[in-house]
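This report concerns only the one structure given below.
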2 protein chains.
Amino acid sequence: MAGAKLVDVAREAGVHVGTVSRALNPATRSRVNAETAARIIEVARRLGYEVNIAGRALRTQRTQTIGALIPDLANPLFPRIVRGVEDSLEKAGYTALITSTDNNAQRERRMIAALLSRQVDGFLIASARLEDQALEELLQNGVPVVVLNRTSANARTSAVIADDPQGIADAMAHLVALGHERIAHVAGPGDTSTGQVRLQAFEAALDRYGLQRRSELVVCAEAYTIAAGTRCTRDLFNRGKPFTAVVAGNDLLALGVIDALKENRIPCPERVSVVGFNDIDFAERMSPALTTVRVPTYELGARGADLLLDMIYREREISTVTLPVTLMIRESTAPPPLPGTGLFGL
Amino acid sequence: MAGAKLVDVAREAGVHVGTVSRALNPATRSRVNAETAARIIEVARRLGYEVNIAGRALRTQRTQTIGALIPDLANPLFPRIVRGVEDSLEKAGYTALITSTDNNAQRERRMIAALLSRQVDGFLIASARLEDQALEELLQNGVPVVVLNRTSANARTSAVIADDPQGIADAMAHLVALGHERIAHVAGPGDTSTGQVRLQAFEAALDRYGLQRRSELVVCAEAYTIAAGTRCTRDLFNRGKPFTAVVAGNDLLALGVIDALKENRIPCPERVSVVGFNDIDFAERMSPALTTVRVPTYELGARGADLLLDMIYREREISTVTLPVTLMIRESTAPPPLPGTGLFGL
DNA sequence: CTTGGAGATGCTATCGTTTGCATCATGGCT
DNA sequence: AGCCATGATGCAAACGATAGCATCTCCAAG
């Protein structure tokens, strides 16, 4: 297990090492006599031969390994994506080097350097920012890259994303149908595509339903975290403008919003409704169970990996795949309180 | 970025490639003239030289990469552990190849083969079973291995684990102090050390408090999942023996228990208390907030990685590190119902 | 009988890095 | 002045796999 090499197999099978290499590689197997190939394969199996990827990589410039940059593995959104990635890669004999970037640009650069050093064949980047210099450099150097979940301002990159505008539109339709008119938005970071796109979709929905855009009811989080959601909501309170619902940039922000409501003993959904985004694991078990937009995360990862493999092997042109979303209505949304009983005496 | 090699740096610095290699490696730097070294380093920086790990690996038999086998990334326990692993490894210039095994022995073998093929320097295994043939083979071949969170029946492996007996003891003390006497246990899979150890600790606690061991109140889950927890609890109901509290083998099982209670409109904690294990993220936000035993997951991963690096570099003898746990008392535990009002008219 | 083509396999350079050994210069010491 | 220890650097052989090219065998067609 720990070490038969091509030369060992060759000696044992009584053939030259080159023949063994050809016999063991399905793509070149046709070039060697069928019986010989069968014998070689049998010997290889018996000796427990496993190709040494380092040796192969040196010669072929392919490591059959890709690098995956994940902003935060503790966000349940990402393990699901990773799982999709793994499954797609495994079919092709690929493996992923997964690293957390913490949304830290410096750490991201270090990680990219470490991955390049390991000669990864391509990158899956779920941590892209709109203006992402590291991503820019990778593209400039012709490294295959697929961006997941988010996009970059740079149009030259392939991406797999969810239909964010549709998700926000569905959420807004739901809230409007319940009777909400004063809807706030705790937006994701402005340097991410998801933050911007969802904010735009939010404003578009306001227009569509003839609701007024109020800048006091929009606050932008500095990160996709629970703590940031809480801070933003406190900020919203301090502005003193009444609202009966909050559309959060993602589920963690939504949980933060709910924390802030609890702090102020404002019942959710009785006095304020909250909608999240992504439908992370456990969202339905929270208290209250979170109304949110489900994103097909596993598929997102799987499609992303497929796209990347395509780029590596077929130098395919860039493309963007958009996956459909579904609004999951649970307990965190309800009709607004009657006038006079609402927040700030609304 | 995508490609200066030693020979490029050598040419540019007007020196031999061997000298460059020595100058760039801190361990051999003393063997080259200080000024020359400084010049070489400067040239390397300017050209954006990054060592080609494949080339180095071929020569040194070290890939500076380790393999991490995780049973289920979607269990929030594991991303935390992984994060600790990453941080420890990064300090040493190492990277982890992370793979999910799904508790599937066949998949695990495939993954191990893929990782061995990539010449990983060692393994971190969080998915060990008590009788784990793949693990056995790795040890036999002298591959450095550290087992995380669980142990194996095989004593020859280093491990970092939580103080499971203490955790269960604390949980039992808490329940007994609340007045519970009929306590059930939904144990983890019998082929995992955590399943067995926690079960034993559960029974030891029964003895300690003079409570009767009742085999009808112990049921063993086939996996650490929510669904398994639910199935086990239904099973418990079918046996018809009354109980007022359940100690679950881990948090996912506990969530499954709570689901089964809800199914039967049995309020938790009013009529049945539930305790989990691990304190996964979001446990405190569940409904009800889960009383559970906190395991220092980040540290568990970090220590495990340190231990593994030690084994790789210093061939240290095997050792086991046990980390302390803390009982987190939340909303899923309460005094038992008064006699006559309890389950099955207890 | 010769020739040529096809199929099978051997030979060998190569990928980028490391490292034991050889070489060379310098300068101190006898 | 001659010698040697020392420090600095060059040289070249690996590590394991791949692939272009060469070689060889065999058989069919001319």
Side-chain angles (χ1 to χ4, degrees), chain A residues 1-41 43-44 47-65 93 114 116-121, chain B residues 1-41 43-44 47-65 93 114 116-121:
Chain A
M1 172 169 258
K5 310 163 205 171
L6 272 193
V7 63
D8 301 320
V9 179
R11 192 182 329 110
E12 190 77 5
V15 298
H16 189 267
V17 53
T19 310
V20 178
S21 172
R22 282 186 282 258
L24 260 28
N25 183 340
T28 50
R29 186 167 304 157
S30 62
R31 302 192 49 203
V32 25
N33 181 288
E35 293 169 38
T36 317
R39 181 163 42 94
I40 290 173
I41 290 171
V43 171
L47 297 186
Y49 172 81
E50 289 283 348
V51 63
N52 180 322
I53 302 256
R56 170 186 287 172
L58 205 51
R59 180 66 220 242
T60 62
Q61 311 292 3
R62 287 263 161 82
T63 52
Q64 299 188 88
T65 302
L116 283 175
S117 203
R118 284 173 175 76
Q119 315 296 114
V120 294
D121 298 345
Chain B
M1 172 170 258
K5 308 162 206 172
L6 274 191
V7 61
D8 300 321
V9 179
R11 192 183 327 110
E12 190 77 5
V15 70
H16 189 268
V17 54
T19 309
V20 177
S21 172
R22 281 186 282 258
L24 260 28
N25 184 339
T28 50
R29 187 167 303 155
S30 61
R31 302 190 50 201
V32 25
N33 182 288
E35 292 169 39
T36 318
R39 181 162 44 94
I40 291 173
I41 291 172
V43 171
L47 297 186
Y49 171 81
E50 290 283 347
V51 62
N52 180 323
I53 302 258
R56 168 184 289 173
L58 205 50
R59 178 66 220 237
T60 61
Q61 312 292 4
R62 288 265 161 82
T63 52
Q64 300 190 88
T65 303
L116 282 175
S117 204
R118 285 172 174 75
Q119 314 297 114
V120 293
D121 298 345

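It should be emphasised that the depicted structure is a prediction, and the values quoted were computed from it without experimental measurement. The analysis underlying the following values was restricted to heavy atoms, covering all of them including side chains, and did not include hydrogens, waters or symmetry mates. Protein chains get the first letters and strands the later ones, always in sequence-line order, with residue 1 at the start of each.
Nearer to the 5' terminus of DNA chain C, by closest-nucleotide assignment, is the contact made by A:T36 (compared with the other of A:L58 and A:T36). Nearer the 5' end of DNA chain D, as judged by each residue's closest nucleotide, is the contact made by B:R39, out of B:A57 and B:R39.
Here the closest heavy-atom approach between residue B:R118 and residue A:G93 is recorded as NH2-O, 3.1 Å. Shown here for B:A37 and B:R29, the closest heavy-atom pair between the two residues is CB-CG, 4.2 Å. Across all non-hydrogen atoms, the minimal contact from B:V32 to B:T36 is CG2-CB, 4.1 Å.
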Pairwise N/O distances under 3.5 Å, protein to nucleotides 21-28 of chain C:
none

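The side chain of B:Q61 contributes an N or O atom lying less than 4.0 Å from OP1 or OP2 of D:dG16. At D:dA17, none of the side-chain N or O atoms of A:S21 fall inside 4.0 Å of OP1 or OP2 (strictly under the cut-off). When the side-chain nitrogen and oxygen atoms of A:T60 are compared with OP1 and OP2 of D:dT18, none of them lie within a distance under 4.0 Å.
Taking B:T63 as the reference, B:A57, B:T65, B:Q119, B:D121 meet the side-chain contact (heavy atoms from CB on, under 4.5 Å) condition, with sequence neighbours excluded. In this view, B:A13 and B:V15, B:R39, B:I40, B:V43 satisfy the side-chain contact (heavy atoms from CB on, under 4.5 Å) rule, not counting sequence neighbours. The side-chain hydrogen bond (donor to acceptor under 3.5 Å, both in side chains) check on B:N52 picks up nothing, with sequence neighbours excluded.
As rounded to whole Å, 12 Å separates atom C1' of C:dT17 from atom CD of B:Q64. Atom CZ of B:R59 and atom P of C:dC15 are 17 Å apart (whole Å). Atom CG in B:L6 sits roughly 13 Å away from atom P in D:dG10 (whole-Å rounding). As rounded to whole Å, 12 Å separates atom P of C:dT18 from atom CZ of B:R29. Protein atom CG of B:L24 is 13 Å distant from nucleotide atom C1' of C:dG16, rounded to whole Å. Taking atom CG of residue A:N52 and atom P of nucleotide D:dA17, one finds them 5 Å apart after rounding to whole Å. For the pair A:D8 CG and D:dC15 P, the computed distance is 11 Å after rounding to whole Å. When the C1' atom of D:dA17 is taken as reference, atom CD of A:E50 falls 14 Å away, rounded to whole Å.
Residue side chain B:R56 does not reach the base of C:dT17 through any donor-acceptor N/O pair under 3.5 Å, judged by distance alone.
Annotation: salt bridge (charged side-chain N to carboxylate O under 4.0 Å, His left out) contacts involving residues 3-23 of chain B, sequence neighbours excluded, comprise B:D8-B:R11, B:E12-B:R46.
Under the 3.5 Å distance criterion, the side-chain polar atoms of B:S117 are matched with a main-chain donor or acceptor of A:V51.
Within 4.0 Å of A:T28, counting heavy atoms only, lies no atom of the nucleic acid at all.
Inter-residue side-chain proximity for A:L24 and A:Y49 is flagged as met; some heavy-atom pair is nearer than 4.5 Å.
Interatomic distance, OG1 of A:T19 versus CZ of A:R31, reported as 10.0 Å (0.5 Å rounding).
Of the residues in residues 10-19 of chain B, B:G18 come within less than 4.0 Å of DNA chain C through at least one heavy atom, sorted by number.
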